[in-house]
Structure formats: structure tokens, C-alpha cells
Student: 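Can you keep this structure in mind? I'll have questions shortly.
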Amino acid sequence: MEYNFREIEKKWQEYWNAHKVYQVKEDESKPKYYVLDMFPYPSGAGLHVGHPLGYIASDIYSRYKRLCGFNVLHPMGYDAYGLPAEQYAIQTGQHPYITTRKNIERYREQLDKIGFSFDWSREVQTCDPAYYHWTQWAFIQMFNSYYCYDAQQARPIEELIEAFEQVGAKPLHAACSEEYTFTAGEWKEKSVCEKQKILMNYRIAYLGDTLVNWCSTLGTVLANDEVINGLSERGGYPVEQKMMRQWCLRVSAYAQRLLDGLDSIDWTESLKETQRNWIGRSEGAEMRFKMKDSPVEFTVFTTRADTVYGVTFMVLAPESELVDLLTAKEQRSEVEKYVEAAKKKTERERMADKKVTGAFTGSYAVNPVTGEAIPVWVSDYVLAGYGTGAIMAVPGHDSRDYAFAKHFNLPVIPLIEGCDVSQESFDAKEGKLINSPQKGKEKEGSLVLNGLEVYQAIAKTKLYLEEKGLGKVKVNYRLRDATFSRQRYWGEPFPVYYDANGMPQPVPLDKLPLKLPDVDTFLPTETGEPPLGRAEKWAWDSVNGQVVETWRIDNITIFALERNTMPGFAGSSAYYIRYENPRNGKALVDKKANDYWGNVDLYAGGAEHATGHLIYSRFWNKFLYDSGVIKDEEPFRKLINQGMIQGRSNFVYRINNSNTFVSLNLKNGYEVTPLHVDVNMVHNDILDREAFRNWRPEYKTAEFITEDGKYICGWTVEKMSKSMFNVVNPDNIVEKYGADTLRLYEMFLGPLEQSKPWDTNGIDGVHRFLKKLLALFFGHTDSVNVSTDKPAADELKSLHKLIKKVTFDIEHFSFNTSVSAFMICINELTALKCNKREIVEPLLILLSPFAPHIAEELWHGMGNKTTIVEAQWPRCKEEYLKEDVITYAVSFNGKTRFNMELPAGTARQDAEKAALTHQAAAKWLDGKTPKKIIVVPNKIINIVI
RNA sequence: GCUCGGAUGGUGGAAUGGUAGACACGAAGGACUUAAAAUCCUUUGGCUAUUGCAGCUGUGCGGGUUCAAGUCCCGCUCCGAGUACCA
């Protein structure tokens, strides 16, 4: 009897595959459960041990739910569009499709080896035209919709046109980039082209001039979540702000719903918090300022309306359109110089540069409350993209304004009683107001704030502003619209052409998918157009409704197609819906399929997608919900984040100027250089010296100074990467120990959510557990040997303890403790020499989600004809868990003195009596009568003397 | 700066307010073996005992609540993650 995991695992993987064991379809007789993993981007490096962590956890949960009688949808696919494949294509000329397909094959091979219960018949790939058909379709739906604030949902754009025709723009509450006030009459007067331009301002997918994150090295724009600390997430290249005409998604219209929806879903608090911060709701007021010497007006946003008496200057963002309007003649050259300098700086430089800079525009605004004239400045500490791109500066109570005021010698007015602003500003929102007109001494109708608490003063000022028509209460969100164009080849083409007026028109729905054309090279064109600009034979014939391979300038029915492609998150925003009905050529999802499967019950993936994918998906889902395509408003009901698996690097210590290596604990006597060594040559920190000598030619003659005949390596925790030689592929582990050991070990490593370094130091213990399990089944024979005898009480107890623990742990995603529970149970049963069928059969069912291959093998070895997948999860019977005797810890004045065993079910009074009359008690009682006795059933008896 | 986590043996980590350190690794000792591997047994937080069966101490630090605190409350220290000229 030997644990031949290679044979066992191969056998059952082939069996499951051949018998389509994990394929599911809608089944009204069973409750559904949808378990989803974030689908991987198939990179060239293949899967490493960090990837399967979440997959194993969700697979355990899927298998568990299946055994509990649920119809479980557990699909997998690939996020196949992405930058690395394109960059590889630029270098090698190989089409990204080829590399992507190759990588997918490798991923599939690796995944198959681990024994997941995916329904591969539902696989999707985002680069497959049959899939991106529906990405393009959704885009057109967004193009043809606007967001109505009254209905709080997306509505067809035709309804907006109708409203314009009847009442004009002013009374409507619709999400837009710029407010319009035209009347119904004025609307009707407008040309077709003008109307199109106005509608663009309202569409949910719109073409707009926006400030974008431009990364010149990558040659593309990036979304906010793709920029980290002013550098591109991919590659770490500098990013600058640039005004560009781009496709955008009006995500901001959904800000409030995205925020509110968080309360209805079961995600970790930290992830919800991250999204709340990203959405960044802030309540405040918009205040209108008039200029002293010109008719121009502008508004600012503030959360501290109460500080209006402390405004000593105004600041405009350098990119603000107001700069040009408000700059006085004599200051023009200085301001222009400043704005130019600011524009040249990248986002990162601006952040790094904490120096205070700015320029005076030479003009003055009028404080709407006091009537005083206040100077208007330009400075890059004010952002064009947030609020109105202009602020009222209150140096007394805002540290940034304070720094600016001190630098340019502007006055600082304290507004809170007792605060000291001689060294720094007082930013806290607390205290009593001063320095506004005194009650009784104020002019008629002026705003009196003195003596009020800050929150009262804010409320009063808002009210005052609204009454006097000087401003309005306003909620601002940090969440901005998503830029949706990428100047890249390897992405979904926009289903859009530009008509004779240069206006974008959607490709008719029945002509989708609009396929990605071939190009000769994947670089931008010489004229700076995106790579698709090289597709010369790629145009749209609007009369015949098809892609044509010709450019005929004289024929006005042949139009240019959009040359940008969609970003990475386009394909990943609704893939979970497509899994429900993946081969449907008529719709994204059939209504019946979606009614049955609904949203994702459990979503497993990394927390790094908090502000990207997980926001976009929620937005996309809400849009589809508004459009009546799907039935649930939130895509992912419960979300678990697996931690990151870091690399555990190993070092050898070379004695300087020699080829001799000294073991870790002996290195102190020498001058040594630590060198990274491939972790695959190290086991339990002991170096395989032969493998090391063969690793590289220069180590061929290496000498070792060992301890007890072993060379011990040093170690440290780093990111898993090729250059550190610490990448561990799951294949190696599967080859050496088997998939079941890998699965159990990854779970045993620690709590799922926690980031932890990968080390194989404990893997033997898990492997040993499986061997013990086999020993229990086989005894000393070569075939499975189970007895049909009735189990004894202690055997039943051991099993039911396990059922209770494992069921509880799986429900709470505490997989590491359930693996421990299996080990305890097997140790107990081994000690009892128990191989009784009534015990080991349920045990195998419990184990099957964790180690499906060996469980299946033994299940069949016992004579079962069906697969273990069809078994039923065992129920825990509490009556087997009852203790005969209960151990009480008896303590005196809180100190435990002795343990005492009493029969289960002993009455409280009898327990008290027994504790006092116990022979050991006399020592502490010392003849005294106790003041108080506390009996905690099953636990402790505390006697207070 | 702000927000959210975390701190328990040599290591990974267990502990609904109720005997802290489950389980596993590693280490030490032993059995089997010509030997090794494999397997099995014993010990393993620290200190004091160990011809004394036990005692003391102990969950980052300082307080508090409680009969009882790793767990709850207050105040620190350190570490990690996210986010940031957001007005």
C-alpha cells in the first residue's frame, strides 16, 4: 500500500472530465448557488502558487455547497486583453492572439492538475468576438442612455430628446458634463449637429474633452485607478495631466447609488471603506463670487461655509478656464508663465514638490457676505478636476491655504474662539465662532455666527446663502467619470464610426461584433494615431451596414471607424453575467438563465481590485439593472479577499573572494556576501548541494562549510518574482506531493485573508496526514479494508466532532482550522484502530472538498458506484458529542487551584457542594465560609472567600 | 496627515470573556534497521524543581472593567495595508 497520488489524481481528473461531472444547468428543483473567482490574466510566466489560493478556497466552498444539495455554478475563464501581450507583440511581431492563446493553454494545463470543479463548458475569453460582442453591445446601450436623477436610473436617450422638445433643458435633473438652460423652442431651432453635441453632454458613454492621465511612455491614457502615486500601475512610468477628447463612462452619475449599495452587500468593512473613500462623498455648499471690476462670476465649493468671514484670497487651478478670463492685463505675462510651468510638471512632480508656488491674477473678487474685495491667485495646489477648480482660501483654518498665505504674505483671520494661528492653521471642525458681526451690532440682514458651534454655523451659513441666492447646498463626489479610450491595439474595438459631420454613430446592433482588424505592426502610427490607425482596409459602409476594405473619399457613405480600443476593465465588468448563458448569440444573457442564477453569491479575489474592477463592475451591473437586462442591482453579494502569497527567498553565503559557501549559523566568523539561490534547490532551508553545483558553471567547484553535514540557507520575505529566484509553480508541488497535498497545504498555511510568505516547510505534515488516512483504510492489506461493525461511542464522537467543526469552519471560510480538525480526527481514529464503514464513509465526504482525488479513490475503493460528488453532506448529531464527565476548574478568588470531574448533568448546587467538600479545597478555604460561589456550566467554579 | 488592520513559543498559527499555545513544522531523545529512507513513541513557552507528583511567570507597553481578559474599555509603542494638495 503506497500513496500513488500521480496515478490516483490522473485517473479521477480524466473520469470527472469524461463524465462531465461538474457541468451544470438550470434546475428549478434545486436552490442555486453561484461561486466565482476573479478570472486570471494569462501572463507568460504561468500560474504561481499564489494564484490557486483563492481558487482552492472557492472550490472547497463550491464542492461543499454541492454536497449540501445546491445547484452550484462555478465557472472559469480568462481576462485575455492586456498590455503585456501587446508589448510582447511589439517586441517580437507575434500577434498578441497567438501569445495569449499559448498562455491560456498553459494556464489551463496548470489549473487542471489541481483538480478544480469548474464547469469548463461555460468558459469565456474576453478577446473572443463572441464574447466582446456583448461588451460592445453594452457600450452602445450606454451611448443610447442618459442618467435621470428624478428616476434615479439610466433612461433611454429618446426620453431626454422628448423632454427637450417639450420643456427644454432647464427643469431637468439629468447627469451631464455641463449644465444647459435652453428652452424647448431654442432646442427645436438647433441643427442636427448641434443637437448631437448637446446630447453627447448627457450620454452615459460619451465623447468628451477631459483632463486625462496621459502616459507618454506607454503611449496611452490611463484611468485613475491605473495611476499610483503619479506613476503608471504597469511599468511605473510618469503620468501627466492632459486635455484630450476621449470616450468616457458617466460613472459619477451613479456615485450615490454605488455608495448606498455598499450597505446591502456582505463585503469586508475595510474594502467597503476603501470604496467609500474612493467615491468620496462630501457635503458642502457652492458659493457664487462676483468680480469687482468685471461681470464675470464663478462658483467655489466648500465644506466650511462657516469660514466665509475668514476668506482672504481666492485660488484658481492653473488648468481652469477662469484663469484666462480673470487675469488682468498687467499680470498676464506672469500668470501665463506660471501656468505654462505648472502644465509642464507631471502629476508626480507636483506631488513630490511641496514648495508653495502661485501667481497673482491682478483681479479681485467680492466676498458675497461681507462685500470686501479679495485678491484672486492661481496655484497648482488647487485641482482642476475636483469641485469647480476654484476655491475660497481660509488660511486660518486650512493648512494648505495657510502655507500659501504665509509664503505670499497674505492676511490670516482666526475665526474660532481661543485658537492660535500664529504658527499653524486650526483645521479641526470644532469650537465657537468669533470675528463675524456681533449679535445686536450687525447690519440689517447680515449673517451672525459668533458664539455658534462650527456645525451650527455651517448649517446657518448654508441657509443664509440659499435665502439670499448667493449659493446652494451641494454634495460633491471625488469619484470621476472613467476614461474609456485606450490608444492600444489589443483591446475591444469601439462599435462606432464617425459620420459626415464628424459625429460618432453606433454600429447597428445586428452587425455586432465589430471584429478587431489585423495590422502589420502594433505600434502607434507615425502621425501619432493609435495602432488601429494602421488598419488601412478598415472602414464602415453605412449604407450596406458592413465593414469594408476600402477608402473612397468621394463616397460619403464610407466612414472612418473609431481607432481607439476599450480599456482592460471593459471585458471584466460583466463577465460573471455571461457565464450564466455563455453561448447565447442573441443576447448577453437569456432572461430565464439570469432569473435562475441571479447575482454572484460568493466572489473570491484580491483586494487590490477595490477601486478598479469592483467599482466598474458595480457600475456596469447597475446600468444593466436599470436597462432591465438583469434582475439584481449588486453583482457580488459576498466577497472574500484572499491574501497575497509573498515569496520566501533563500540565501547562500559566499566567503568573499572565494568559491566557498558557509552555512547560516557559522557565517559570523567570515566576511560573506549573501546571494539569492533558487528556492527550488532548497528544502526546509537545507541546500541541495549537488543541484547548486549544477545550477551555474561558476558554482561547479563550490565548496561548503556545513553544520552537522547540512548546509543551512538564510531566508527573507520578498515579493514573488523571477529575479529573486523565489517563484514556486504549483506544478512542482503537484509533481512532488500531489494536488491534494497542495490544496490542503495552501489552506493550512494560515487564515485565507492574510498575506503570508510561501514556504514549504510544513508541507510534509500535510502529506503525512494523507498517508495516515490511507493507512487507516488499508491497514496492512493492499485493498481497501473497512469493517461493517457498529461504531463505538468514542468513534462516533470523534466523527461528529469533525462534522460540527468542518461545517462551521467552511461556513466561516476558516479552512486552516478545518484541516487541523481532520488531522486530529485521523489521529484519534488511528489510535482507536477504527476503520468502520459508518465512520470513514462520512469522513470521506467531509474531506472531498479539500482533497477530492483521494476521497474519490477511497470512496470507490469501498464499493460505491456513484461519484462522491453526488453524496450528501453528513449532519452532526449533538447526542454523540455529550461528555460523560465534565471537568470543572475550581478557583479561589479567581485563581484556579485544582480540576474536578463531575458526571455530566450535575446540578449547579451539587457542583458547588462537591467543590467545597473536595479534599483539595480545605487548603484554601481554611475553615472559612465562602462569600460567593459562581458555577459556569462546563467550565469553572469560582469560590470567593 | 487620514482610514483600516495587526502584534501570542524557534516557525506557521489555534483559542463563542472561562485550564493560553490546538494542529503542524522544526529541534532533542528513543524504537525498528547492517545502514539510510520511511514509520512509530517521548519531550518541547520561560524560570525554579525534577528521588518533590509541583510552583511561579507568561499573549507589544501602561492603566481599567470583571469572580475570570489574548479576547471588552481608555491611553501609548511598533509593524503592515489603503488613500491623499478633494477645499
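Note on naming: letters A, B, ... go to the chains in the order of the sequence lines (proteins, then strands), and numbering restarts at 1 for each one. Remember, predicted model here, so these are calculated numbers, not experimental data. FYI, side chains are in, hydrogens and waters are out, and symmetry mates aren't considered; it's all heavy atoms of this structure.
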Student: Would you say the side chains of A:Asn476 and A:Ser282 form a donor-acceptor pair under 3.5 Å?
Tutor: no

Student: Picking from B:C86, B:G13, B:U83, which would you name as closest to the side chain of A:Gln754?
Tutor: B:G13

Student: Starting from P on B:A87, measure out to CG on A:Leu383 and report it in whole angstrom.
Tutor: 10 Å

Student: In terms of side-chain heavy atoms of A:Thr302, which of B:A87, B:U83, B:U39 is nearest?
Tutor: B:A87

Student: Just to be sure I understand the rule, does A:Arg768 reach a base, reach only the sugar-phosphate, or reach nothing, if contact means heavy atoms closer than 4.0 Å?
Tutor: sugar-phosphate

Student: Determine which bases of RNA chain B form Watson-Crick or G-U wobble pairs with both distances under 3.5 Å, and write the result as a 5' to 3' dot-bracket string with | for other-strand partners.
Tutor: (((((((..(((.....[....)))((((((.......))))))((((.....))))..(((((..]....))))))))))))....

Student: Students often mix this up, so state it plainly: with edges at 30° and 60°, are the rings of A:Phe822 and A:Phe769 parallel, tilted or perpendicular?
Tutor: tilted

Student: Could you work out which one of B:C23, B:A87, B:C86 sits closest to the side chain of A:Arg480?
Tutor: B:C86

Student: Can you figure out which of B:G82, B:A24, B:A38 approaches the side chain of A:Lys772 most closely?
Tutor: B:A24

Student: On the 0 to 90° scale, with breaks at 30° and 60°, tag the A:Tyr745-A:Phe748 ring pair as parallel, tilted or perpendicular.
Tutor: tilted

Student: Can you tell me, in whole Å, how much space there is between the P of B:C74 and that of B:U3?
Tutor: 14 Å

Student: For B:U65 and B:A81, measure between their C1' atoms and round to the nearest Å.
Tutor: 32 Å

Student: Do A:Asp688 and A:Tyr711 have side-chain atoms, one donor and one acceptor, less than 3.5 Å apart?
Tutor: no

Student: Looking only at the side chains, is there a donor atom on one of A:Asp398 and A:Ser425 sitting less than 3.5 Å from an acceptor on the other?
Tutor: no

Student: So if I take every side-chain heavy atom of A:Tyr386 and compare against B:A87, B:G82, B:A15, which nucleotide ends up nearest?
Tutor: B:A87

Student: Remember a base hit wins even if backbone is also touched, and classify A:Asn816 as base, sugar-phosphate or nothing at under 4.0 Å, heavy atoms.
Tutor: sugar-phosphate

Student: Checking A:Ser820 against A:Thr817: is there a side-chain donor and acceptor pair closer than 3.5 Å?
Tutor: no

Student: Taking atom P in both B:U71 and B:A20, compute the distance separating them and give it to the nearest angstrom.
Tutor: 14 Å

Student: Taking atom P of B:G26 as reference, at what distance in whole Å does atom CD1 of A:Ile763 sit?
Tutor: 12 Å

Student: Would you classify A:Asp401 as touching base, sugar-phosphate or nothing, given that sugar-phosphate means primed atoms plus P, OP1 and OP2, and contacts are heavy atoms under 4.0 Å?
Tutor: nothing

Student: Using heavy-atom distances to pick each residue's nearest nucleotide on RNA chain B, tell me which of A:Asp759 and A:Ser282 is more 5'.
Tutor: A:Asp759

Student: Work out how far the P atom of B:G18 is from that of B:C73, and round it to whole angstrom.
Tutor: 15 Å

Student: Measure from the side chain of A:Asn827, starting at C-beta and using heavy atoms only, and say which of B:A24, B:G82, B:A84 lies closest.
Tutor: B:A24

Student: Give one of base, sugar-phosphate or nothing for A:Leu749, where a contact means two heavy atoms less than 4.0 Å apart.
Tutor: sugar-phosphate

Student: Examine the side chains of A:Tyr338 and A:Thr357 and answer whether a donor and an acceptor come within less than 3.5 Å of each other.
Tutor: yes

Student: Is there a side-chain contact between A:Arg281 and the phosphate of B:C86, meaning an N or O under 4.0 Å from OP1 or OP2?
Tutor: no

Student: How far does the P atom of B:A24 sit from the matching atom of B:U66, given to the nearest Å?
Tutor: 40 Å

Student: Syn or anti for B:G12, given that syn means the glycosidic angle lies within 90° of 0?
Tutor: anti

Student: Provide the distance between the two P atoms, one in B:C76 and one in B:G70, to the nearest whole Å.
Tutor: 22 Å

Student: Choose from B:G26, B:A87, B:C23 the nucleotide whose nearest atom is closest to any side-chain atom of A:Ile824.
Tutor: B:C23

Student: Considering only side-chain heavy atoms of A:Asn761, which listed nucleotide, B:C25, B:A14, B:C23, is closest?
Tutor: B:C25

Student: Write down the distance separating the P atoms in B:U16 and B:U83, rounded off to the nearest Å.
Tutor: 33 Å

Student: Using atom P of each nucleotide, how far apart are B:C23 and B:A14 to the nearest Å?
Tutor: 14 Å

Student: Given the side-chain rings of A:Tyr402 and A:His397, with only the six-membered ring counted for Trp, is the space between their centroids under 6.0 Å?
Tutor: no

Student: For the side chain of A:Thr611, counting heavy atoms from C-beta on, which of B:U83, B:A87, B:A14 is nearest?
Tutor: B:U83

Student: Looking at the side chain of A:Arg400, which of B:G13, B:A87, B:C23 is the nearest nucleotide?
Tutor: B:A87

Student: Where each residue is assigned the nucleotide of RNA chain B containing its nearest heavy atom, which of A:Thr274 and A:Thr388 is assigned the position nearer the 5′ end?
Tutor: A:Thr274

Student: When all nucleic acid strands are considered with a 4.0 Å heavy-atom cut-off, which category describes A:Phe769: base, sugar-phosphate, or nothing?
Tutor: nothing

Student: Check the angle between the aromatic planes of A:Phe408 and A:Phe404 and answer parallel, tilted or perpendicular using the 30° and 60° thresholds.
Tutor: tilted

